[in-house]
Peer 1: 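Before I ask anything, let me first share the structure, which is written out below as C-alpha coordinates.
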Amino acid sequence: MKERVIKIISTKKVILVIYILFAVIASIQSLIGTKTYYEGGKEYNRYNNYTIFQKSFEHLKNNQDLYVLYPEEHWDFYKYTPSFSVFFGLFNIFPDWLGLNLWNILNALVLALAVYYLPKLNNYQKGLILIIAIIELMTSMQSSQSNALIAGLLILTFGLLEKNKPFFASLCVVFSLFIKPFGMVGFALFLFYRKKWNSVLYALTWFAILFFIPLLFVGFEQYLKLYNSYFKLLALDYDTNAMFPTIGNSYGISVMGWLHSWFSIDVAKNYIMAIGVVIFLLPFFKINMYKEFMFKYLLLCSILIWIVIFNHKAESPTFIIAMAGVTLWFVKIEKNKLNIILFINAFILTTLSSTDLFPKYLREEFVKPYNLKAFPCILIWLKIIYDMLKLKKKNAQQSILHN
(Lines give C-alpha, C1' and ligand atoms only; values in the text may rest on other atoms or scores of the structure.)
Protein backbone atom coordinates (compact mmCIF):
# COMPACT_ATOMS: atom_id res chain seq x y z
CA MET A 1 0.00 0.00 0.00
CA LYS A 2 2.81 2.39 0.97
CA GLU A 3 4.65 1.68 -2.28
CA ARG A 4 1.48 2.33 -4.28
CA VAL A 5 0.93 5.70 -2.58
CA ILE A 6 4.54 6.67 -3.22
CA LYS A 7 4.17 5.69 -6.87
CA ILE A 8 1.01 7.78 -7.27
CA ILE A 9 2.60 10.82 -5.63
CA SER A 10 5.69 10.36 -7.81
CA THR A 11 3.70 10.30 -11.07
CA LYS A 12 3.68 13.75 -12.64
CA LYS A 13 0.68 13.14 -14.90
CA VAL A 14 -1.47 12.00 -11.97
CA ILE A 15 -0.66 15.12 -9.93
CA LEU A 16 -1.34 17.43 -12.89
CA VAL A 17 -4.70 15.76 -13.54
CA ILE A 18 -5.59 16.12 -9.85
CA TYR A 19 -4.70 19.82 -9.98
CA ILE A 20 -6.85 20.40 -13.06
CA LEU A 21 -9.79 18.53 -11.47
CA PHE A 22 -9.51 20.57 -8.28
CA ALA A 23 -9.46 23.78 -10.34
CA VAL A 24 -12.65 22.73 -12.12
CA ILE A 25 -14.33 21.73 -8.83
CA ALA A 26 -13.39 25.09 -7.27
CA SER A 27 -14.84 26.88 -10.29
CA ILE A 28 -18.11 24.93 -10.15
CA GLN A 29 -18.45 25.72 -6.44
CA SER A 30 -17.91 29.42 -7.17
CA LEU A 31 -20.43 29.49 -10.01
CA ILE A 32 -23.21 28.26 -7.72
CA GLY A 33 -25.11 30.70 -5.51
CA THR A 34 -24.45 34.19 -4.20
CA LYS A 35 -22.86 35.77 -1.13
CA THR A 36 -22.85 39.02 0.82
CA TYR A 37 -19.89 40.59 2.63
CA TYR A 38 -21.63 42.04 5.65
CA GLU A 39 -25.02 41.84 7.29
CA GLY A 40 -27.69 43.49 5.21
CA GLY A 41 -25.32 44.03 2.30
CA LYS A 42 -25.93 43.54 -1.40
CA GLU A 43 -25.52 40.01 -2.72
CA TYR A 44 -22.83 39.27 -5.30
CA ASN A 45 -21.72 36.17 -7.14
CA ARG A 46 -19.29 33.81 -5.42
CA TYR A 47 -16.54 34.46 -7.93
CA ASN A 48 -16.46 38.15 -7.07
CA ASN A 49 -12.67 38.49 -7.43
CA TYR A 50 -12.79 37.08 -10.95
CA THR A 51 -15.52 39.60 -11.78
CA ILE A 52 -13.32 42.42 -10.43
CA PHE A 53 -10.45 41.30 -12.66
CA GLN A 54 -12.67 40.79 -15.69
CA LYS A 55 -14.55 44.09 -15.39
CA SER A 56 -11.29 46.00 -14.95
CA PHE A 57 -10.48 45.40 -18.60
CA GLU A 58 -13.85 46.82 -19.66
CA HIS A 59 -13.30 49.84 -17.41
CA LEU A 60 -9.84 50.34 -18.90
CA LYS A 61 -11.15 50.30 -22.49
CA ASN A 62 -13.94 52.71 -21.55
CA ASN A 63 -11.49 55.22 -20.01
CA GLN A 64 -13.00 54.74 -16.57
CA ASP A 65 -11.14 54.93 -13.28
CA LEU A 66 -10.09 51.39 -12.34
CA TYR A 67 -9.69 52.27 -8.68
CA VAL A 68 -13.15 53.31 -7.54
CA LEU A 69 -16.01 51.12 -6.40
CA TYR A 70 -18.48 49.70 -8.91
CA PRO A 71 -21.07 48.34 -6.46
CA GLU A 72 -23.53 47.41 -9.19
CA GLU A 73 -20.96 45.02 -10.67
CA HIS A 74 -18.93 43.67 -7.76
CA TRP A 75 -17.81 44.14 -4.16
CA ASP A 76 -14.46 45.72 -3.25
CA PHE A 77 -11.86 47.70 -5.18
CA TYR A 78 -9.64 46.60 -8.03
CA LYS A 79 -6.17 46.74 -6.42
CA TYR A 80 -3.92 45.66 -9.27
CA THR A 81 -2.02 47.48 -12.00
CA PRO A 82 -3.55 48.57 -15.33
CA SER A 83 -1.23 46.02 -16.97
CA PHE A 84 -2.94 43.19 -15.10
CA SER A 85 -6.30 44.42 -16.40
CA VAL A 86 -4.89 44.13 -19.94
CA PHE A 87 -3.79 40.57 -19.17
CA PHE A 88 -7.33 39.82 -18.03
CA GLY A 89 -8.63 40.96 -21.37
CA LEU A 90 -7.71 37.42 -22.48
CA PHE A 91 -10.36 36.03 -20.12
CA ASN A 92 -12.88 38.78 -20.82
CA ILE A 93 -13.64 37.28 -24.24
CA PHE A 94 -15.08 34.12 -22.64
CA PRO A 95 -18.37 33.62 -20.81
CA ASP A 96 -17.94 33.56 -17.04
CA TRP A 97 -18.29 29.80 -16.64
CA LEU A 98 -15.46 29.14 -19.10
CA GLY A 99 -13.26 32.08 -18.18
CA LEU A 100 -13.38 31.22 -14.47
CA ASN A 101 -12.39 27.63 -15.19
CA LEU A 102 -9.50 28.75 -17.39
CA TRP A 103 -8.35 31.23 -14.73
CA ASN A 104 -8.31 28.64 -11.94
CA ILE A 105 -6.66 26.04 -14.17
CA LEU A 106 -3.97 28.59 -15.05
CA ASN A 107 -3.30 29.25 -11.36
CA ALA A 108 -3.12 25.54 -10.56
CA LEU A 109 -0.91 24.57 -13.50
CA VAL A 110 1.56 27.45 -13.14
CA LEU A 111 2.12 26.43 -9.52
CA ALA A 112 2.39 22.72 -10.34
CA LEU A 113 4.67 23.13 -13.34
CA ALA A 114 6.88 25.58 -11.43
CA VAL A 115 7.41 23.00 -8.70
CA TYR A 116 8.18 20.33 -11.29
CA TYR A 117 10.73 22.67 -12.87
CA LEU A 118 12.75 22.87 -9.64
CA PRO A 119 16.17 21.21 -9.79
CA LYS A 120 17.61 18.78 -7.22
CA LEU A 121 14.23 17.45 -6.08
CA ASN A 122 12.91 14.07 -7.20
CA ASN A 123 9.37 13.54 -8.47
CA TYR A 124 8.23 12.12 -5.14
CA GLN A 125 9.35 15.28 -3.32
CA LYS A 126 7.70 17.48 -5.94
CA GLY A 127 4.47 15.50 -5.83
CA LEU A 128 4.48 15.63 -2.04
CA ILE A 129 4.88 19.41 -2.09
CA LEU A 130 1.89 19.74 -4.40
CA ILE A 131 -0.32 17.30 -2.49
CA ILE A 132 0.35 19.06 0.82
CA ALA A 133 -0.34 22.46 -0.75
CA ILE A 134 -3.55 21.44 -2.50
CA ILE A 135 -5.88 22.42 0.36
CA GLU A 136 -4.50 25.96 0.44
CA LEU A 137 -4.67 25.99 -3.35
CA MET A 138 -8.38 25.18 -3.17
CA THR A 139 -8.94 27.98 -0.67
CA SER A 140 -7.32 30.42 -3.09
CA MET A 141 -9.16 29.12 -6.15
CA GLN A 142 -12.53 29.10 -4.39
CA SER A 143 -12.01 32.85 -4.05
CA SER A 144 -10.73 33.05 -7.67
CA GLN A 145 -7.59 34.75 -6.36
CA SER A 146 -4.23 35.21 -8.09
CA ASN A 147 -2.12 33.96 -5.20
CA ALA A 148 -1.27 30.53 -6.64
CA LEU A 149 -0.14 32.24 -9.84
CA ILE A 150 2.17 34.52 -7.85
CA ALA A 151 3.59 31.58 -5.88
CA GLY A 152 4.18 29.70 -9.13
CA LEU A 153 5.89 32.66 -10.80
CA LEU A 154 8.29 33.15 -7.87
CA ILE A 155 9.13 29.45 -7.68
CA LEU A 156 9.62 29.39 -11.46
CA THR A 157 11.93 32.41 -11.16
CA PHE A 158 14.19 30.37 -8.89
CA GLY A 159 14.11 27.34 -11.18
CA LEU A 160 14.95 29.42 -14.24
CA LEU A 161 17.84 31.14 -12.45
CA GLU A 162 19.20 27.78 -11.38
CA LYS A 163 19.11 26.67 -15.02
CA ASN A 164 20.84 29.87 -16.18
CA LYS A 165 17.82 31.41 -17.88
CA PRO A 166 17.74 34.95 -16.41
CA PHE A 167 15.80 36.37 -19.38
CA PHE A 168 12.69 34.33 -18.59
CA ALA A 169 13.32 34.48 -14.84
CA SER A 170 13.14 38.27 -15.11
CA LEU A 171 9.82 38.03 -16.94
CA CYS A 172 8.35 35.86 -14.15
CA VAL A 173 9.33 38.15 -11.30
CA VAL A 174 8.37 41.35 -13.17
CA PHE A 175 5.00 39.87 -14.09
CA SER A 176 4.41 38.94 -10.43
CA LEU A 177 5.23 42.54 -9.52
CA PHE A 178 2.58 43.81 -11.95
CA ILE A 179 0.03 41.56 -10.24
CA LYS A 180 0.85 42.55 -6.66
CA PRO A 181 3.67 44.86 -5.49
CA PHE A 182 5.09 42.35 -3.01
CA GLY A 183 6.31 40.31 -5.98
CA MET A 184 9.31 42.66 -6.01
CA VAL A 185 10.82 40.68 -3.11
CA GLY A 186 11.57 38.00 -5.69
CA PHE A 187 14.33 40.24 -7.09
CA ALA A 188 16.41 39.26 -4.04
CA LEU A 189 17.05 35.92 -5.73
CA PHE A 190 19.03 37.57 -8.54
CA LEU A 191 21.78 38.67 -6.12
CA PHE A 192 23.00 35.08 -5.92
CA TYR A 193 23.54 34.43 -9.62
CA ARG A 194 26.01 35.50 -12.27
CA LYS A 195 25.36 38.08 -15.00
CA LYS A 196 23.58 40.44 -12.62
CA TRP A 197 23.76 43.39 -15.02
CA ASN A 198 22.23 41.27 -17.77
CA SER A 199 19.42 40.42 -15.38
CA VAL A 200 18.92 44.11 -14.58
CA LEU A 201 18.69 44.87 -18.31
CA TYR A 202 16.23 42.02 -18.87
CA ALA A 203 14.10 43.14 -15.93
CA LEU A 204 14.02 46.74 -17.16
CA THR A 205 13.03 45.53 -20.63
CA TRP A 206 10.17 43.41 -19.34
CA PHE A 207 9.14 46.20 -16.96
CA ALA A 208 8.94 48.68 -19.83
CA ILE A 209 6.92 46.29 -21.99
CA LEU A 210 4.42 45.47 -19.24
CA PHE A 211 4.25 49.05 -18.01
CA PHE A 212 3.46 50.58 -21.40
CA ILE A 213 1.20 47.87 -22.81
CA PRO A 214 -2.00 49.52 -21.44
CA LEU A 215 -1.27 52.45 -23.77
CA LEU A 216 -2.64 50.24 -26.53
CA PHE A 217 -6.07 50.86 -24.97
CA VAL A 218 -5.87 54.30 -23.29
CA GLY A 219 -4.26 57.66 -23.96
CA PHE A 220 -1.16 58.79 -22.07
CA GLU A 221 -3.04 61.40 -20.02
CA GLN A 222 -5.62 58.86 -18.93
CA TYR A 223 -2.83 56.42 -18.10
CA LEU A 224 -1.17 58.95 -15.78
CA LYS A 225 -4.52 59.50 -14.08
CA LEU A 226 -4.91 55.74 -13.59
CA TYR A 227 -1.54 55.42 -11.88
CA ASN A 228 -2.22 58.45 -9.74
CA SER A 229 -5.47 56.81 -8.64
CA TYR A 230 -3.67 53.48 -8.15
CA PHE A 231 -1.06 54.93 -5.78
CA LYS A 232 -3.75 56.76 -3.84
CA LEU A 233 -5.62 53.48 -3.41
CA LEU A 234 -2.48 51.71 -2.20
CA ALA A 235 -1.95 54.45 0.38
CA LEU A 236 -5.59 54.29 1.44
CA ASP A 237 -5.40 50.50 1.60
CA TYR A 238 -3.38 50.82 4.79
CA ASP A 239 -6.54 52.07 6.52
CA THR A 240 -9.45 49.68 6.15
CA ASN A 241 -11.64 52.04 8.20
CA ALA A 242 -11.26 54.74 5.55
CA MET A 243 -12.35 52.34 2.82
CA PHE A 244 -15.07 50.35 4.58
CA PRO A 245 -16.16 51.98 7.87
CA THR A 246 -18.76 49.25 8.44
CA ILE A 247 -16.04 46.59 8.67
CA GLY A 248 -13.46 48.26 10.87
CA ASN A 249 -9.67 48.24 10.81
CA SER A 250 -7.70 45.12 10.00
CA TYR A 251 -4.16 43.91 10.58
CA GLY A 252 -4.57 40.88 8.38
CA ILE A 253 -3.50 37.33 9.17
CA SER A 254 0.06 38.49 9.63
CA VAL A 255 2.81 39.36 12.09
CA MET A 256 0.98 42.64 12.69
CA GLY A 257 -2.26 40.77 13.40
CA TRP A 258 -0.51 38.27 15.66
CA LEU A 259 1.21 41.00 17.70
CA HIS A 260 -2.07 42.89 18.02
CA SER A 261 -4.17 39.89 19.03
CA TRP A 262 -1.65 38.35 21.44
CA PHE A 263 0.01 41.40 22.97
CA SER A 264 -2.25 44.34 21.98
CA ILE A 265 0.73 45.91 20.20
CA ASP A 266 -0.33 48.71 17.86
CA VAL A 267 3.05 49.80 16.54
CA ALA A 268 2.90 51.35 13.06
CA LYS A 269 2.86 48.65 10.40
CA ASN A 270 5.83 50.19 8.64
CA TYR A 271 8.00 49.67 11.73
CA ILE A 272 7.02 46.01 11.96
CA MET A 273 7.76 45.54 8.28
CA ALA A 274 11.12 47.30 8.68
CA ILE A 275 12.06 44.84 11.41
CA GLY A 276 10.95 42.03 9.12
CA VAL A 277 13.19 43.36 6.34
CA VAL A 278 16.20 43.52 8.69
CA ILE A 279 15.69 39.92 9.82
CA PHE A 280 15.11 38.82 6.22
CA LEU A 281 18.42 40.39 5.16
CA LEU A 282 20.55 38.94 7.98
CA PRO A 283 21.64 35.84 5.98
CA PHE A 284 22.75 38.07 3.08
CA PHE A 285 25.95 38.81 5.00
CA LYS A 286 27.08 35.23 4.42
CA ILE A 287 28.62 36.05 1.04
CA ASN A 288 30.62 32.81 1.03
CA MET A 289 27.33 30.87 0.84
CA TYR A 290 25.96 32.62 -2.24
CA LYS A 291 26.83 29.74 -4.56
CA GLU A 292 25.36 27.01 -2.36
CA PHE A 293 22.11 25.59 -3.74
CA MET A 294 20.57 24.96 -0.33
CA PHE A 295 21.26 28.51 0.81
CA LYS A 296 19.45 29.89 -2.25
CA TYR A 297 16.69 27.31 -1.88
CA LEU A 298 16.08 28.38 1.72
CA LEU A 299 15.97 31.99 0.53
CA LEU A 300 13.17 31.07 -1.88
CA CYS A 301 11.25 29.52 1.04
CA SER A 302 11.90 32.62 3.12
CA ILE A 303 10.61 34.93 0.37
CA LEU A 304 7.40 32.95 -0.11
CA ILE A 305 6.60 33.06 3.60
CA TRP A 306 7.80 36.63 4.20
CA ILE A 307 5.55 38.24 1.61
CA VAL A 308 2.52 36.79 3.38
CA ILE A 309 3.30 37.12 7.08
CA PHE A 310 4.40 40.75 6.65
CA ASN A 311 1.39 41.64 4.51
CA HIS A 312 -1.04 43.65 6.62
CA LYS A 313 -3.83 42.61 4.27
CA ALA A 314 -3.06 38.90 4.24
CA GLU A 315 -6.17 36.74 4.31
CA SER A 316 -6.81 33.03 4.21
CA PRO A 317 -6.58 32.64 0.39
CA THR A 318 -3.16 34.36 0.47
CA PHE A 319 -1.61 31.49 2.41
CA ILE A 320 -1.10 29.28 -0.62
CA ILE A 321 2.04 31.41 -1.11
CA ALA A 322 3.27 30.92 2.45
CA MET A 323 2.41 27.22 2.56
CA ALA A 324 4.23 26.72 -0.74
CA GLY A 325 7.30 28.03 1.08
CA VAL A 326 6.60 25.84 4.11
CA THR A 327 6.21 22.66 2.04
CA LEU A 328 9.29 23.44 -0.07
CA TRP A 329 11.20 23.84 3.19
CA PHE A 330 9.87 20.66 4.78
CA VAL A 331 10.69 18.25 1.96
CA LYS A 332 14.38 19.24 2.00
CA ILE A 333 15.20 19.74 5.66
CA GLU A 334 16.33 17.19 8.20
CA LYS A 335 13.28 15.49 9.71
CA ASN A 336 14.23 16.11 13.34
CA LYS A 337 11.69 16.49 16.12
CA LEU A 338 11.60 20.30 16.05
CA ASN A 339 11.13 20.55 12.28
CA ILE A 340 8.41 17.89 12.27
CA ILE A 341 6.54 19.63 15.10
CA LEU A 342 6.78 22.98 13.30
CA PHE A 343 5.44 21.48 10.09
CA ILE A 344 2.57 19.57 11.77
CA ASN A 345 1.50 22.76 13.55
CA ALA A 346 1.53 24.62 10.23
CA PHE A 347 -0.49 21.92 8.50
CA ILE A 348 -3.09 21.85 11.29
CA LEU A 349 -3.35 25.54 12.19
CA THR A 350 -2.54 27.17 8.86
CA THR A 351 -4.07 24.72 6.39
CA LEU A 352 -6.73 22.60 8.12
CA SER A 353 -8.08 25.39 10.35
CA SER A 354 -9.74 27.00 7.32
CA THR A 355 -11.59 23.82 6.32
CA ASP A 356 -14.67 21.99 7.55
CA LEU A 357 -12.35 19.27 8.87
CA PHE A 358 -11.43 21.63 11.70
CA PRO A 359 -13.95 22.13 14.56
CA LYS A 360 -15.87 25.33 13.95
CA TYR A 361 -15.78 26.28 17.63
CA LEU A 362 -11.98 26.19 17.74
CA ARG A 363 -11.75 28.11 14.48
CA GLU A 364 -14.11 30.89 15.57
CA GLU A 365 -12.99 31.14 19.21
CA PHE A 366 -9.24 30.61 18.93
CA VAL A 367 -7.80 30.43 15.40
CA LYS A 368 -9.31 33.63 14.02
CA PRO A 369 -9.17 35.84 17.14
CA TYR A 370 -5.55 34.89 17.91
CA ASN A 371 -4.20 34.74 14.37
CA LEU A 372 -3.18 31.12 14.80
CA LYS A 373 -3.19 30.61 11.04
CA ALA A 374 -0.18 32.92 10.74
CA PHE A 375 1.68 31.85 13.88
CA PRO A 376 3.20 28.54 12.63
CA CYS A 377 4.38 30.25 9.44
CA ILE A 378 6.06 32.95 11.53
CA LEU A 379 7.91 30.31 13.54
CA ILE A 380 8.98 28.39 10.43
CA TRP A 381 10.20 31.59 8.77
CA LEU A 382 12.36 32.34 11.82
CA LYS A 383 13.65 28.75 11.72
CA ILE A 384 14.56 29.20 8.03
CA ILE A 385 16.49 32.39 8.84
CA TYR A 386 18.27 30.50 11.63
CA ASP A 387 19.14 27.63 9.29
CA MET A 388 20.50 30.04 6.69
CA LEU A 389 22.69 31.73 9.32
CA LYS A 390 23.87 28.37 10.63
CA LEU A 391 24.49 26.78 7.24
CA LYS A 392 28.11 26.13 6.31
CA LYS A 393 29.61 24.83 3.10
CA LYS A 394 30.74 21.57 4.63
CA ASN A 395 27.27 20.73 5.94
CA ALA A 396 25.11 22.45 3.34
CA GLN A 397 23.88 19.09 2.04
CA GLN A 398 24.30 16.95 5.14
CA SER A 399 23.91 18.01 8.76
CA ILE A 400 21.15 20.65 8.43
CA LEU A 401 19.39 19.71 5.24
CA HIS A 402 18.33 16.38 3.85
CA ASN A 403 18.16 15.38 0.20
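Model, not experiment: these values are computed from the prediction.
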Peer 1: For N45 and T34, does a side-chain donor sit closer than 3.5 Å to a side-chain acceptor?
Peer 2: no
Peer 1: Hey, does the side chain of R46 reach the backbone of K35 with a donor-acceptor pair shorter than 3.5 angstrom?
Peer 2: no
Peer 1: Where do P119 and G159 come nearest, in terms of heavy atoms and distance?
Peer 2: CD-CA, 4.3 Å
Peer 1: Looking just at side-chain N and O atoms, do H59 and E73 make a donor-acceptor pair shorter than 3.5 Å?
Peer 2: yes
Peer 1: Mind checking whether H312 and Y251 have ring centres under 6.0 Å apart?
Peer 2: no
Peer 1: Heavy-atom distance under 4.5 Å between the side chains of F217 and N63, does that happen here?
Peer 2: no
Peer 1: Determine whether F182 and W306 satisfy the following criterion, ring pair (Phe, Tyr, Trp, His ring centres under 6.0 Å), listing intermediate values before the conclusion.
Peer 2: CA-CA 10 Å; F182 56 58; W306 190 94; 9.1 Å; no
Peer 1: Check for me whether the distance between the ring centres of Y223 and F211 falls short of 6.0 Å.
Peer 2: yes
Peer 1: Could you check if a side-chain atom of Y116 sits within less than 4.5 angstrom of a side-chain atom of L121, using non-hydrogen atoms only?
Peer 2: no
Peer 1: Indicate the ring-plane relationship of Y193 and F158, choosing parallel, tilted or perpendicular according to the 30° and 60° boundaries.
Peer 2: perpendicular
Peer 1: Mind listing the closest non-hydrogen atom pair of F284 and L191 along with its distance?
Peer 2: CE2-CD1, 3.7 Å
Peer 1: May I ask you to check whether Y370 and W258 place their ring centers less than 6.0 Å from one another?
Peer 2: no
Peer 1: Side chains of S302 and W381: do they bring a donor and an acceptor to under 3.5 Å?
Peer 2: yes
Peer 1: For the residue pair L137 and A108, what are the closest heavy atoms and their distance?
Peer 2: CD2-CB, 4.1 Å
Peer 1: Which heavy-atom pair separates L328 from L118 by the least distance, and what is that distance?
Peer 2: CD2-CD1, 3.5 Å
Peer 1: Any heavy-atom pair between the side chains of V174 and F187 that's under 4.5 Å?
Peer 2: yes
Peer 1: Checking S144 side chain against M141 main chain: does a donor-acceptor pair fall under 3.5 Å?
Peer 2: no
Peer 1: Is the distance between the ring centroids of W206 and F167 under 6.0 Å?
Peer 2: yes
Peer 1: Are S254 and V308 packed together at the side-chain level, in the sense that at least one heavy-atom pair is separated by less than 4.5 angstrom?
Peer 2: no
Peer 1: So for atom OH, which belongs to Y290, do other residues, nucleotides or ligands contribute more than 12 heavy atoms lying within a distance under 6.0 Å?
Peer 2: yes
Peer 1: Is the distance between the ring centroids of F343 and F330 under 6.0 Å?
Peer 2: yes
Peer 1: Who passes salt bridge (charged side-chain N to carboxylate O under 4.0 Å, His left out) against E364, sequence neighbours left out?
Peer 2: K368
Peer 1: Between the side chains of N104 and N107, is a donor N or O closer than 3.5 angstrom to an acceptor N or O?
Peer 2: no
Peer 1: How about K163: does its NZ atom have over 12 heavy atoms from other parts shown lying under 6.0 Å from it?
Peer 2: yes
Peer 1: In the structure I gave you, are the side-chain heavy atoms of L349 and F375 within less than 4.5 Å of one another anywhere?
Peer 2: no
Peer 1: Please list all pairs meeting salt bridge (Lys or Arg N to Asp or Glu O under 4.0 Å) that have one or both residues in residues 121-141, counting only residues at least two apart or in different chains.
Peer 2: E136-K373
Peer 1: Without placing hydrogens or testing angles, list every side-chain donor-acceptor pair under 3.5 Å for residues 2-19, not counting sequence neighbours.
Peer 2:
from, atom 1, to, atom 2, distance (Å)
S10, OG, I6, O, 2.7
T11, OG1, K7, O, 2.6
Y19, OH, L130, O, 2.7

Peer 1: Please assess L66 against S85 for the test side chain to side chain contact (heavy atoms under 4.5 Å, CB included), listing each intermediate value before the final yes or no.
Peer 2: CA-CA 9 Å; L66 300 179; S85 68; 4.0 Å; yes
Peer 1: Testing the basics here: between C377 and I305, what is the closest heavy-atom pair and its distance to 0.1 Å?
Peer 2: O-CG2, 3.6 Å
Peer 1: Check the pair I265, M256 against side chain to side chain contact (heavy atoms under 4.5 Å, CB included), reporting the backbone distance first and the verdict last.
Peer 2: CA-CA 8 Å; I265 294 177; M256 298 79 159; over 6 Å; no
Peer 1: Between Y80 and F53, is the ring centre distance below 6.0 Å?
Peer 2: yes
Peer 1: Could you check whether any side-chain N or O of S30 sits under 3.5 Å from a backbone N or O of Q142, counting only pairs where one atom can act as donor and the other as acceptor?
Peer 2: yes
Peer 1: Can we say K120 and E162 salt-bridge, meaning some charged N sits less than 4.0 Å from an Asp/Glu carboxylate O?
Peer 2: no
Peer 1: Using modelled atom types only, decide if a donor and an acceptor are shared between the side chain of N147 and the backbone of P317 within a distance under 3.5 Å.
Peer 2: yes
Peer 1: Give a yes or no on whether the ring-centroid distance for F175 and F87 is below 6.0 angstrom.
Peer 2: yes
Peer 1: Can we call the ring centroids of Y230 and Y227 under 6.0 Å apart?
Peer 2: yes
Peer 1: What are the two closest heavy atoms between L298 and I384, and how far apart are they?
Peer 2: O-CG2, 3.5 Å
Peer 1: Compute whether any side-chain donor of one residue and acceptor of the other, for N288 and K392, lie under 3.5 angstrom apart.
Peer 2: no
Peer 1: Quick one: sort the Y50 and F91 rings into parallel, tilted or perpendicular, breaks at 30° and 60°.
Peer 2: perpendicular
Peer 1: Is the shortest side-chain N to carboxylate O distance from E58 to K61 below 4.0 Å?
Peer 2: no
Peer 1: Compare all side-chain heavy atoms of P71 with those of Y44 and state whether any distance is below 4.5 angstrom.
Peer 2: yes
Peer 1: Looking at K196, I'd like to know if its NZ atom is crowded, meaning that more than 12 non-hydrogen atoms belonging to other residues, nucleotides or ligands lie closer than 6.0 Å.
Peer 2: yes
Peer 1: Is there side-chain contact between S261 and N371, with at least one heavy-atom pair below 4.5 Å?
Peer 2: yes
Peer 1: May I ask you to decide if Y67's main-chain N or O and D65's side chain share a donor-acceptor pair within less than 3.5 Å?
Peer 2: yes
Peer 1: Side chains of F207 and S170: does their closest heavy-atom pair fall under 4.5 Å?
Peer 2: no
Peer 1: What verdict does the side chain to side chain contact (heavy atoms under 4.5 Å, CB included) test give for L236 and K232, after you've listed the backbone C-alpha separation in whole Å, the side-chain angles of each residue and the deciding distance to 0.1 Å?
Peer 2: CA-CA 6 Å; L236 188 64; K232 285 182 179 179; over 6 Å; no
Peer 1: Assess whether atom NZ of K286 is packed by more than 12 heavy atoms of other residues, nucleotides or ligands within 6.0 Å.
Peer 2: yes
